Amino acid sequence: MLGLVDCNNFYASCERSFDPSLIGKAVVVLSNNDGCVVARSNEAKALSIKMGVPLFQLEELRKAHEVKVFSSNYTLYGDMSSRIMSILGRYVEDVEVYSIDEAFMNLTGYESVYPDLAQFAQDVRHRALAWTRIPVSIGLAPTKTLCKVANWYAKREAEHNGALVLDTPAKIEQALYGFDVAELWGVGWRYAGLLKRNGIRTAAHLRDMADDWLAANMTVNGLRLAHELRGLKCNLIETVAPAKKAICTAPSFGQVIPDLDLIRQALTTHVGRVAEKLRKQDSAASAITVFLHTNRFRRTPGNGLAAKQYYGSRTIELPHPTASTAELASYAQAALTAIYRFGYHYQKVGVMLTGLVPADFRQANLFNDGPDDRQVRLARVVDKLNYRYGRDKIRLAAAGYDPIWHHKQQWMSRRYTTRWKDILKVK
DNA sequence: TCTGGGGTCCTAGGACCC
DNA sequence: TCTGGGGTCCTAGGACCC
């Protein structure tokens with residue numbers, strides 16, 4: 001048996017964890033740049049606030065119902081997430097952290113330790129709630145896909161009390177019989193349309209389709225999905241996160257920017273960010289891509305017509321893999337110079353590192369001397385200082401002093417668990 | 001005025017090798 | 001000019017996840 005633990009309304013629950021005055025109120029958390037709603041408390045869902053709606057469309061509801069709005073506070077959510085994950089680690093050896101608010105647990109071999117799975121699930125829920133104030137839902141089943149199904153019911157149907165165990169063919173059959181295929185893990189809006197057109201409406205129906213049909217219409221992914229619904233494990237628990245194959249950052253500016261110098265500063269800052277992530281996983285990058293684009297929603301002030309749009313991107317193959325911020329920044333600047341066009345209002349500049357190889361990887365190259373190791377050692381020292389004294393305390397001068405391009409975060413809560421001056425005071 | 005960010009995997013087709 | 005069988009690597013595009 002496997003288990004899936006999923007935090008309910010995670011970001012909203014984190015905010016609530018440290019501010020009890022939010023209990024019982026509609027809480028929403030926004031995406032970066034205070035753009036769209038990405039998390040909602042149950043009260044906010046009850047007001048029909050949809051996932052992904054832009055904040056400015058919420059004005060009336062906000063006034064009428066006193067909706068509490070928060071900018072996303074990833075420092076807080078990340079720390080709360082690791083607290084939850086460490087709680088799960090007290091129960092079983094193998095925990096796969098699947099996302100910031102979800103984890104799979106491997107219960108294989110724990111049959112005698114936890115003979116009553118329903119009781120086990122309630123224990124986990126109670127401990128998570130007691131130690132973090134985060135409510136979680138739990139689904140237990142023989143495969144990951146079935147765990148997702150079990151979790152779906154556990155979260156939505158009150159009679160399960162937050163946890164559902166699918167451990168017999170009869171229970172699984174009943175769960176799949178009424179389950180909308182569009183809700184399945186691995187079925188997005190395109191496959192949902194395809195399945196609907198073919199008259200396949202429930203998970204049970206998809207499970208019973210012929211393998212040939214599944215492979216032909218949904219590739220091997222569809223085949224695996226159906227096999228998992230039949231109880232055959234295709235996705236195993238991965239307890240060690242594999243190294244990333246690409247690292248990207250592309251946050252929007254807080255306002256549109258036409259000016260190349262400011263875009264350069266933002267780009268240099270973003271390179272600092274991706275290079276830090278690169279060194280953290282002990283990799284080096286073989287190629288760097290820079291892209292620059294305008295805001296597709298923008299109307300020209302004055303005449304209200306759709307603003308003219310531009311999208312530019314450039315990839316540079318590096319002479320040798322490197323993890324040096326300074327070296328990556330200079331190639332990034334060259335790419336930006338090549339794609340920048342005067343006369344547009346830009347919304348974001350992004351950078352992506354690809355062709356990631358282990359940092360100690362050395363490929364003989366006849367035509368140059370290879371990377372300068374001192375640069376990378378220097379960057380690692382900078383990483384340590386910034387970890388200790390705060391992000392961007394030490395950075396390239398080209399990143400500028402006054403990041404006016406920085407994204408908006410007007411309603412940010414405190415970093416309750418990671419900053420001494422933000423810690424709660426008990427009076 | 002205001003509309004997120006960061007990833008993975010699979011397939012087909014082209015180019016190439018012996 | 002046409003002929004067989006067995007491969008690899010790369011890229012673009014499409015699908016999905018949170």
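On a predicted model such as this, the values are computed, not experimentally measured, just so you know.
Between A:Gln347 and A:Ala246, the residue whose closest nucleotide on DNA chain B is further toward the 5' end is A:Gln347. If A:Asp34 and A:Val220 are placed on DNA chain B by their nearest nucleotide, the residue sitting closer to the 5' end is A:Asp34.
There is no side-chain donor-acceptor pair under 3.5 Å between A:Thr145 and A:Arg224.
Among the heavy atoms of the strands lying under 4.0 Å from A:Leu184 are primed sugar atoms or P, OP1, OP2 only; no base atom is included. Residue A:Val53 is classed as having no contact, given no heavy-atom separation below 4.0 Å to the nucleic acid. Among the heavy atoms of the strands lying under 4.0 Å from A:Ser252 are primed sugar atoms or P, OP1, OP2 only; no base atom is included. Residue A:Ile247 is in sugar-phosphate contact alone, with no base atom involved, counting any heavy-atom pair closer than 4.0 Å across all strands shown. Contacts of A:Asn221 with the nucleic acid, taken as non-hydrogen atoms under 4.0 Å apart, involve only primed sugar atoms and P, OP1 or OP2. Among the protein residues, A:Arg224 comes within range of the sugar-phosphate backbone only, with heavy atoms under 4.0 Å from sugar or phosphate atoms but none that close to a base. Across all strands shown, A:Glu102 has heavy atoms under 4.0 Å from sugar-phosphate atoms exclusively, and none from any base.
Between A:Phe104 and A:Asn235 the shortest side-chain heavy-atom distance does not fall below 4.5 Å.
Bounding nucleotides for the chain A contact on DNA chain C, 5' to 3', at a heavy-atom distance below 4.0 Å, are C:dA15 to C:dC18.
Other residues, nucleotides and ligands place no more than 12 heavy atoms under 6.0 Å from the CD atom of A:Glu93. For A:Arg298, the CZ atom sits in a packed shell: over 12 heavy atoms of surrounding residues, nucleotides or ligands are nearer than 6.0 Å. In A:Tyr74, the OH atom is crowded: over 12 heavy atoms of neighbouring residues, nucleotides or ligands sit closer than 6.0 Å.
Checked against the 6.0 Å centroid criterion, the rings of A:Phe120 and A:Tyr91 qualify as a close aromatic pair.
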